[in-house]
Amino acid sequence: MRYDLVIFDNDGVLVDSEPISNRLLAGYLTELGHPTSYEESLRDYMGGAMHRVHDLVLERTGRRLPENFDDVFHGRVFAAFERELEPVPGAVGVLEKLAADGVAYCVASSGSHERIRVGHRKAGLDRWFDDGRIFSSQDVGRGKPAPDLFLHAAGRMGVAPERCAVIEDSPLGVQAAVAAGMDVYGFTAMTTAAKLAGATRLFADMGELADLLAG
């Protein structure tokens, strides 16, 4: 393996949550008088922390979202996760391969710690990630596309940025990894290759990733 640490984004990379959460986000914003389609939610918010939603709505409309917006939204998301969430096909196999080869890995997500844990538990990935392997945008001042979260994860795991590979599926995440000085593998299952053009490598099947990382 050419890397000492593999850093996974969570939503859309480990758990198949992006269709669920963006459908609900678009619906909730529309309810509140900010008409948003599913496609627009993916374009504007996929890969970003919740503050990005607040910031963009305020910037575009001059109106703030309700104080309980995050709580209501996450309540809806967690309920949907219980009904629908599955691991991304191939993700378990990659984790098994990394563990068998003794390669360090972790998750660095724009989502909250609670969201990460709820998703992992429902998708059956919780056994792969103890507290020391989970990093959230809650842990840093700036979320993606700033490099802070990836640099924080690498620092806590004791690995230099240039020895890290990041697995991402959003333009914001790719930008963050590049800014952190890390190689980034862009997962194109939900995002077009053109939108992830800054990635070191692109791949469409999670089952291919272990071989790509080893190559």
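Quick note: residue numbers are just sequence positions, from 1.
- Taking the side chain as every heavy atom from C-beta outward, His120 and Asn10 approach each other to under 4.5 Å.
- Counting only heavy atoms from C-beta outward, the side chains of Phe8 and Leu125 never approach each other to under 4.5 Å.
- A single hydrophobic cluster is seen to contain both Leu25 and Val72, as judged by linkage of ILVMFWY side chains at heavy-atom distances under 4.5 Å, directly or through other members.
- By the rule that hydrophobic residues join a cluster once side-chain heavy atoms approach within less than 4.5 Å of another member, Val53 and Phe73 end up as members of one cluster.
- Note that NE2 of His113 and CD1 of Ile134 are 7.5 Å apart. Values are rounded to the nearest 0.5 Å.
- Distance check: Arg43 CZ to Lys195 NZ gives 8.0 Å after rounding to the nearest 0.5 Å.
- Between the side chains of Ser21 and Arg115, a donor-acceptor pair is found at a separation under 3.5 Å.
- Relative orientation of the Phe187 and Phe203 rings is parallel, given thresholds of 30° and 60° on the angle between their planes.
- Heavy atoms only, all atoms of each residue included: Ala26 and Tyr38 are closest at CB-N, 3.8 Å.
- Glu82 and Arg121 are joined by a salt bridge, as a carboxylate oxygen and a charged side-chain nitrogen come within less than 4.0 angstrom of each other.
- You'll find the side chain of Asp9 stays beyond 4.5 Å of the side chain of Ile167, heavy atoms only.
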Output, in order, the C-alpha distance, side-chain angles, deciding distance and verdict of side-chain contact (heavy atoms from CB on, under 4.5 Å) for Asp139 and Arg156. CA-CA 11 Å; Asp139 303 331; Arg156 290 289 298 273; over 6 Å; no

Pair Arg63, Leu32 - check side-chain contact (heavy atoms from CB on, under 4.5 Å), show working. CA-CA 11 Å; Arg63 296 161 51 199; Leu32 294 173; 5.7 Å; no

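- Residues Ser136 and Ser112 approach most closely at OG-CA, 3.6 Å, considering heavy atoms.
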Phe81 and Ile20: CA distance, side-chain angles, deciding distance, side-chain contact (heavy atoms from CB on, under 4.5 Å) verdict: CA-CA 8 Å; Phe81 279 3; Ile20 299 170; 4.2 Å; yes

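- A pairwise comparison of heavy atoms in Asp11 and Glu18 identifies O-OE2, 3.3 Å as the closest pair.
- Ring geometry for Tyr28 against Phe69 counts as parallel: the plane angle stays under 30°, on a 0 to 90° scale with 60° as the upper cut.
- Considering every non-hydrogen atom in both Val15 and Gly119, the closest pair reads CG1-O, 4.0 Å.
- A search for salt bridge (charged side-chain N to carboxylate O under 4.0 Å, His left out) contacts involving Asp44 returns Arg60, not counting sequence neighbours.
- A 4.5 Å side-chain heavy-atom check between Lys122 and Phe78 finds every atom pair outside the cut-off.
- Residue Leu42 is not grouped with residue Met50 when hydrophobic side chains (ILVMFWY) are merged at heavy-atom distances under 4.5 angstrom, including chains of intermediate members.
- Placement of Leu212 and Val13 within a single hydrophobic cluster is found when ILVMFWY residues are connected by side-chain heavy-atom separations under 4.5 Å, directly or transitively.
- At distances below 3.5 Å, at least one donor-acceptor pair connects side-chain atoms of Asp130 with backbone N or O atoms of Gly132.
- Looking only at side-chain heavy atoms (C-beta outward), Arg201 and Asp183 stay at 4.5 Å or farther from each other.
- Residue Val174 belongs to a hydrophobic cluster whose other members are Leu5, Ile7, Phe135, Val140, Leu149, Phe150, Leu151, Met157, Val159, Val166, Val178, Met182, Val184, Leu196, Leu202, with links defined by side-chain heavy atoms closer than 4.5 Å.
- Residues Leu14 and Ala91 approach most closely at O-CB, 4.0 Å, considering heavy atoms.
- Trp128 has its side chain out of reach of Arg133: every pair of non-hydrogen atoms, C-beta onward, lies at least 4.5 Å apart.
- Hydrophobic clustering (ILVMFWY, side-chain heavy atoms < 4.5 Å, transitive): Met190 and Tyr185 are in distinct clusters.
- Summarising the geometry, atom CG belonging to Leu58 is positioned 9.5 Å from atom NE2 belonging to His34; distances are rounded to the nearest 0.5 Å.
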Before giving the answer on side-chain contact (heavy atoms from CB on, under 4.5 Å), spell out for Val118 and His74 the whole-Å C-alpha distance, their side-chain angles and the decisive distance to 0.1 Å. CA-CA 11 Å; Val118 168; His74 284 129; over 6 Å; no

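- You'll find the side chain of Lys97 stays beyond 4.5 Å of the side chain of Leu213, heavy atoms only.
- The heavy-atom pair separating Pro147 from Arg142 by the smallest distance is CD-NH2, 4.3 Å.
- There is no side-chain donor-acceptor pair under 3.5 Å between Asp169 and Thr191.
- In this structure, the separation between NZ on Lys144 and CE on Met46 is 10.0 Å, given to the nearest 0.5 Å.
- Side-chain N or O atoms of Ser110 include none that pairs as donor or acceptor with a backbone N or O of Ser137 at under 3.5 Å.
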